[in-house]
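Because the structure is predicted, anything quoted here is derived from the model rather than measured.
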2 protein chains.
Amino acid sequence: MEQEVEDAARSTPRRLYVDLRDRILDGSLAGGQPLRQEELAARYGVSRSPVREALRQLEADGLVTYQANRGAVVSSVSLADALEMLEIRIALECRALRLAIPLMTDQDLAGIAAVLDAYGAAHDVTDWGRLNRDFHLALYAPADRPRLLALIQDNFDNAHRFARVQVSNATGRDRPHREHQDLFRACREGDIDAAVQMLEAHIAYSQKALAATVRRGPAERRGVAGAGAGGHGN
Amino acid sequence: MEQEVEDAARSTPRRLYVDLRDRILDGSLAGGQPLRQEELAARYGVSRSPVREALRQLEADGLVTYQANRGAVVSSVSLADALEMLEIRIALECRALRLAIPLMTDQDLAGIAAVLDAYGAAHDVTDWGRLNRDFHLALYAPADRPRLLALIQDNFDNAHRFARVQVSNATGRDRPHREHQDLFRACREGDIDAAVQMLEAHIAYSQKALAATVRRGPAERRGVAGAGAGGHGN
DNA sequence: TATTCCCATATTGCATCCAATCCTGGGGCG
DNA sequence: CGCCCCAGGATTGGATGCAATATGGGAATA
């Protein structure tokens, strides 16, 4: 999970795992879609054995659901799941930010500011998504807690499987940009409590926006993460 | 992860996965120990294919580390890892508690009280560990956030791979018991902020106790989780 | 005696193969 | 006309076999 570039070249199951995971997270593979072993094996030019190992890893990540004798299906993300993952974002990221702020160097702050500027200059909605991710991860990186950061990253990507497009459309770019700038200022001034407060409100707002968006027009969401009508995913 | 009883019977890889995971978490399989595919296959009376799938799942959980062409070894947990997992406990469990308290019914409170009483009556150190786990999980269960609770459970078990014996020995039973009782009272009275504060202090104390114990006598810890001297685990 | 090279062995990685289970469609029966 | 059943294909689950890589120990050499 940490060193994808090297790992991708390492073993076949790893390569398949990384590729499939990315395709699930970016929505290329929608929730509910069955993953046929033979088909994947053919696509990657390997046999079914490494495919099965990759699928098991995806299952452990909760990105794929196994049904007995019926193979693997891309797991669906319900609205409740997405809201809960944002809840988890609050838990993990607020703590990480609290740990990070006292350790931020000038270099760290400059890096964060650069991401912020790029965000302000970006026009494409996919750039917003990427830069939003970069901004948040850059905030927490100074904490130097590899496990916590890995958890944050996994949960962030998973949360945004469902929420990316909707939230971006619902809230636009300006409000998060303002909030990011405020957050950055609080970090720079070392005001931990204020920064954590802002971050919580920032994520909580996207929870509300997501709930509101889905309630208004839930049709779209099925396309993104498959949104299981009944059971909530994995 | 949720329904182990049914899952254990379901598929062979699942059965192996659950069993191996339990053996790693309870320390039967120490960190650094290589897991030979052939040997595991023989032990469980199956071929290497399902063994490999189970190992891949354990790898995704971070309980096992793969080395290219050298197979899987039980991942080691350094002191820094253990402290970080306690940090993650603070993040996840404080949030879960905050969500749970407003939703606690009289029945929930009665259940928590029962665990607390059992803790007070227990004499064995392994009972303390189990009841400590039960107490904490019972606190968060009313939040009714399945993903959050699953994360908490996984992280809790992983954290205690390293810390269980040491912390129990270092802090004894009385102090955590008192803290649990205080925490319970705050929950019953609906004092969210106080309860969360206490929980954070409770876990932070075990961080300090763990660090102190290891610094005093680090010899023992190698036996529990294998404690990699150099690189920190997965 | 220390060191390096090399080969035998152990082990993994992956492909292939067979058995078991699931799904689909068509014919038989009520 | 509708329902049930079952046969054939599709798909998964697991075992086996073979090639590739790592490991360990002994012989040859400096």
Side-chain angles (χ1 to χ4, degrees), chain A residues 3-4 6-21 24 29-75 228 230-231 234, chain B residues 3-4 6-21 24 29-61 63-76 228 230-231 234:
Chain A
Q3 328 120 306
E4 269 144 46
E6 304 92 310
D7 285 352
R10 213 188 278 181
S11 74
T12 306
R14 194 69 171 203
R15 189 161 45 87
L16 305 192
Y17 165 73
V18 170
D19 195 61
L20 286 171
R21 193 198 54 184
I24 292 172
L29 291 170
Q33 171 153 358
L35 297 172
R36 306 251 172 275
Q37 298 173 7
E38 196 85 50
E39 178 184 331
L40 294 174
R43 162 197 277 275
Y44 292 103
V46 297
S47 83
R48 280 171 45 216
S49 318
V51 170
R52 295 179 56 129
E53 292 182 28
L55 291 176
R56 287 294 182 187
Q57 285 191 291
L58 292 168
E59 185 197 15
D61 286 348
L63 295 178
V64 144
T65 304
Y66 255 80
Q67 294 170 346
N69 287 320
R70 293 180 44 182
V73 176
V74 178
S75 63
N234 60 330
Chain B
Q3 328 120 307
E4 268 146 46
E6 304 92 310
D7 285 351
R10 212 189 276 179
S11 74
T12 304
R14 193 69 168 202
R15 188 162 47 88
L16 306 192
Y17 165 73
V18 169
D19 195 63
L20 286 171
R21 193 199 53 186
I24 293 172
L29 291 170
Q33 171 154 356
L35 297 172
R36 305 253 172 272
Q37 298 172 6
E38 197 83 51
E39 178 183 330
L40 294 174
R43 162 197 278 275
Y44 292 102
V46 297
S47 83
R48 281 170 45 216
S49 318
V51 170
R52 292 176 58 101
E53 292 183 28
L55 290 176
R56 286 295 182 187
Q57 285 191 292
L58 291 168
E59 185 197 17
D61 286 348
L63 295 178
V64 145
T65 304
Y66 255 81
Q67 295 171 345
N69 287 320
R70 292 181 44 182
V73 298
V74 178
S75 64
S76 298
N234 60 330

#### Entry: Nucleic acid contacts of residues 38-46 of chain B, taken as heavy-atom distances under 4.0 Å to DNA chain D
B:Val46
### Atom-to-atom span, CD of A:Glu53 to C1' of D:dG13 - whole angstrom
14 Å
### Message
Using the side-chain contact (heavy atoms from CB on, under 4.5 Å) criterion, which residues pair with B:Asp19? Sequence neighbours excluded.
### Response
B:Arg23, B:Tyr44
### Task
Quick one: list whatever passes salt bridge (Lys or Arg N to Asp or Glu O under 4.0 Å) with A:Arg56, sequence neighbours left out.
A:Glu59, B:Glu53
#### Entry: Length of the line joining A:Arg70:CZ and D:dG13:P, which is rounded to integer Å
11 Å
### Task
Indicate, with a heavy-atom threshold strictly under 4.0 Å, whether B:Arg36 touches base, sugar-phosphate, or nothing.
sugar-phosphate
### Query
In Å, rounded to the nearest 0.5 Å, how long is the span from CZ of B:Arg21 to CG of B:Leu16?
13.0 Å
### Query
Hey, does B:Leu55 reach any base, or is it just sugar-phosphate, or nothing, if we go heavy atoms under 4.0 Å?
nothing
### Query
Got a donor-acceptor pair under 3.5 Å from the side chain of A:Arg48 to the base of D:dG13?
yes
### Message
Reading DNA chain C from 5' to 3', where do the contacts with chain A start and stop? Cut-off is 4.0 Å to heavy atoms.
### Response
C:dC14 to C:dC23
## Note on the structure
Those residues at least two apart in sequence (or on a different chain) that pass side-chain contact (heavy atoms from CB on, under 4.5 Å) with B:Gln67 are B:Arg70
#### Entry: Protein-nucleotide distance (A:Arg52, atom CZ; D:dT11, atom P), rounded to Å
15 Å
### Residue pairs passing the salt bridge (charged side-chain N to carboxylate O under 4.0 Å, His left out) test where at least one lies in residues 30-40 of chain A, sequence neighbours excluded
none
### Message
In whole Å, I'd like the distance from the CG atom of B:Asn69 to the C1' atom of D:dA20.
### Response
7 Å
### Task
Could you pick out which residue, A:Ser49 or A:Ala72, lies toward the 5' side of DNA chain D when each is mapped onto its nearest nucleotide?
A:Ala72
### Task
Measure from CD on B:Gln37 to P on D:dG14 and round the result to the nearest Å.
16 Å
